[in-house]
Novice: 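A single structure is presented below for examination.
What's counted below: heavy atoms across the whole structure, side chains too, no hydrogens, waters or symmetry copies. Since the model is a prediction, treat every value here as computed from it, not as a measurement.
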Protein chains: 2
Amino acid sequence: MKDFMTLKNQLCFAVYETAGEFNKLYSSVLQPFGLTYPQYLVLLALWEQDGVTLKELGAKLNLGTGTLTPMVSRMEASDWVKKQRSKEDERKVYIYLQEKAVKERNAITSKVVEAIQSCQIELKEYEQLMQQLNALQKKMRERQV
Amino acid sequence: MKDFMTLKNQLCFAVYETAGEFNKLYSSVLQPFGLTYPQYLVLLALWEQDGVTLKELGAKLNLGTGTLTPMVSRMEASDWVKKQRSKEDERKVYIYLQEKAVKERNAITSKVVEAIQSCQIELKEYEQLMQQLNALQKKMRERQV
DNA sequence: TATGATTAAATCGTACACGATTCAAATTAC
DNA sequence: GTAATTTGAATCGTGTACGATTTAATCATA
């Protein structure tokens, strides 16, 4: 019988390692643009919908203000985005893409797609993994304690 | 046609989020023991094989000294492990489990298994995901640039 | 309408994670 | 047998990531 408490038989570790691999792969692609992997995820979210509040951005990315506030500040310092406090509700801060982020969008996504394609992942494999990971996440979030 | 550059259609993001979910789930279980999730992974590795060098540990966990050295130091401070510089080769540092880690092993793993079981993941689903993630990692590591 | 509760960011403290550099010990090459 | 190289940890700087607290603005309500 297999030992389920072995490191290499742990699903958590497989996910942990895969996340690390993605991090490394994306980092190498994004470094020439002066972007980190999490910063790229922020851009992905903003390319979909620009001008969202920090809280909304956090909801999309599953990140709190403790992570996002300094990260967005760094991205503002490097001219990717701009923070704008709302006039109607001064508690809210809206994040807007800067020209640089709009102009570079194609160059960045092209390089990313190219890198992913170089991994030779089958479309079917890709979609199946997506579906299974989403199902797993759902179970983890809804687990009965 | 689906937009593959959407955040929620990104495999990288699904993996990133799932890793975050595991982190949160395991953290809640491990907190009463005064352990973090990465520290638990270190214990998993050492429970399998005790007395390995920092480098060997790093190879198992895919972590560099920049991460492991301070982490193991913290675990030494909290009496989980002990660092011992080799007499034969003074460059090497061996990591040994402390009594606390041996004694608490069952209590810790029981709680972890319990938490995972509460997620109601099918065995088949679990194994399929493991296999697919491992295949994906292999492709990412061996990609032709 | 004052006040108590809620909300959105910011801030703080701790802990990874990584690449690059440094340092000392061991190995090798000449 | 000394010099050059390699190796294993440690250190450094930057950047997430999270829970908890703080602060200021808004909302709810008596």
Novice: Quick one: on DNA chain D, does A:Thr67 or A:Glu90 contact a more 5' nucleotide (nearest heavy atom)?
Specialist: A:Thr67
Novice: Counting only side-chain heavy atoms from C-beta out, which of C:dA24, C:dC16, D:dC18 sits nearest to B:Arg74?
Specialist: C:dC16
Novice: What's the closest nucleotide to the side chain of B:Asp89 if the choices are C:dA10, C:dA26, D:dT26?
Specialist: C:dA26
Novice: OP1, OP2 of D:dG8 versus side-chain N and O of B:Lys55: anything below 4.0 Å?
Specialist: yes
Novice: Can you check whether A:Thr36 has a side-chain N or O nearer than 4.0 Å to OP1 or OP2 of D:dT14?
Specialist: no
Novice: Around atom NZ of A:Lys8, are there more than 12 heavy atoms from other residues, nucleotides or ligands closer than 6.0 Å?
Specialist: no
Novice: Ignoring the backbone of B:Arg85, work out which of D:dA9, C:dC16, C:dA25 is nearest its side chain.
Specialist: D:dA9
Novice: Check the distance between D:dA17's P and A:Met71's CE and give it to me in whole angstrom.
Specialist: 7 Å
Novice: Please confirm whether the shortest side-chain N or O distance from A:Gln39 to OP1 or OP2 of D:dT16 is below 4.0 Å.
Specialist: yes
Novice: Do B:Glu104 and B:Lys100 meet the salt-bridge criterion of a basic N to acidic O distance under 4.0 Å?
Specialist: no
Novice: Report which part of the nucleic acid B:Tyr16 touches: base, sugar-phosphate, or nothing (heavy-atom distance under 4.0 Å, all strands).
Specialist: sugar-phosphate
Novice: Scan A:Gln31 against the nucleic acid and name what it touches under 4.0 Å (heavy atoms): base, sugar-phosphate only, or nothing.
Specialist: nothing
Novice: Closest nucleotide of DNA chain C for B:Ser86 versus for B:Asn62: which of these residues is on the 5' side?
Specialist: B:Asn62
Novice: Do other residues, nucleotides or ligands put more than 12 heavy atoms under 6.0 Å from the CD atom of A:Gln128?
Specialist: yes
Novice: For a quick test of reading the model: is some side-chain N or O of B:Lys83 closer than 4.0 Å to OP1 or OP2 of D:dA10?
Specialist: yes
Novice: To the nearest angstrom, how far is B:Ile95 atom CD1 from D:dA10 atom P?
Specialist: 7 Å
Novice: Could you tell me the separation between the CG atom of A:Leu30 and the C1' atom of C:dC18, rounded to a whole number of Å?
Specialist: 15 Å
Novice: Would you state whether a donor and an acceptor, one from the side chain of B:Thr69 and one from the base of D:dA9, lie under 3.5 Å apart?
Specialist: no
Novice: Would you classify B:Thr53 as touching base, sugar-phosphate or nothing, given that sugar-phosphate means primed atoms plus P, OP1 and OP2, and contacts are heavy atoms under 4.0 Å?
Specialist: sugar-phosphate
Novice: The side chain of B:Lys24 is closest to which nucleotide in this list: D:dA17, D:dC18, D:dA9?
Specialist: D:dC18
Novice: In this structure, how many angstroms lie between the P atom of C:dA25 and the OH atom of B:Tyr94, rounded?
Specialist: 17 Å
Novice: Among the nucleotides C:dT27, C:dC16, C:dT11, which one has an atom lying closest to any side-chain atom of A:Thr65?
Specialist: C:dT11
Novice: Would you please indicate if the ring centroids of A:Tyr37 and A:Phe22 are separated by under 6.0 Å?
Specialist: no
Novice: Using atom OH of B:Tyr37 as one end and atom C1' of C:dA17 as the other, report the distance to the nearest whole Å.
Specialist: 14 Å
Novice: Let's see if you can work this out: which of D:dA10, D:dT16, C:dA9 has an atom nearest to the side-chain heavy atoms of B:Val93?
Specialist: D:dA10
Novice: Kindly say if A:Arg91 contacts the phosphate of D:dT22, meaning a side-chain N or O under 4.0 Å from OP1 or OP2.
Specialist: no
Novice: What does B:Leu63 touch in the nucleic acid at a heavy-atom separation under 4.0 angstrom: a base, only the sugar-phosphate, or nothing?
Specialist: sugar-phosphate
Novice: What is the distance, to the nearest angstrom, from the CD atom on A:Glu88 to the P atom on D:dC27?
Specialist: 11 Å
Novice: Side chains of A:Lys55 and A:Thr65: any donor to acceptor distance under 3.5 Å?
Specialist: no
Novice: Using 30° and 60° as the class limits, which term best fits the ring planes of A:Tyr40 and A:Tyr26: parallel, tilted or perpendicular?
Specialist: tilted
Novice: In this structure, how many angstroms lie between the P atom of C:dC16 and the CG atom of B:Leu68, rounded?
Specialist: 10 Å
Novice: Rounded to whole angstroms, how far apart are CD on A:Glu56 and C1' on C:dA9?
Specialist: 14 Å
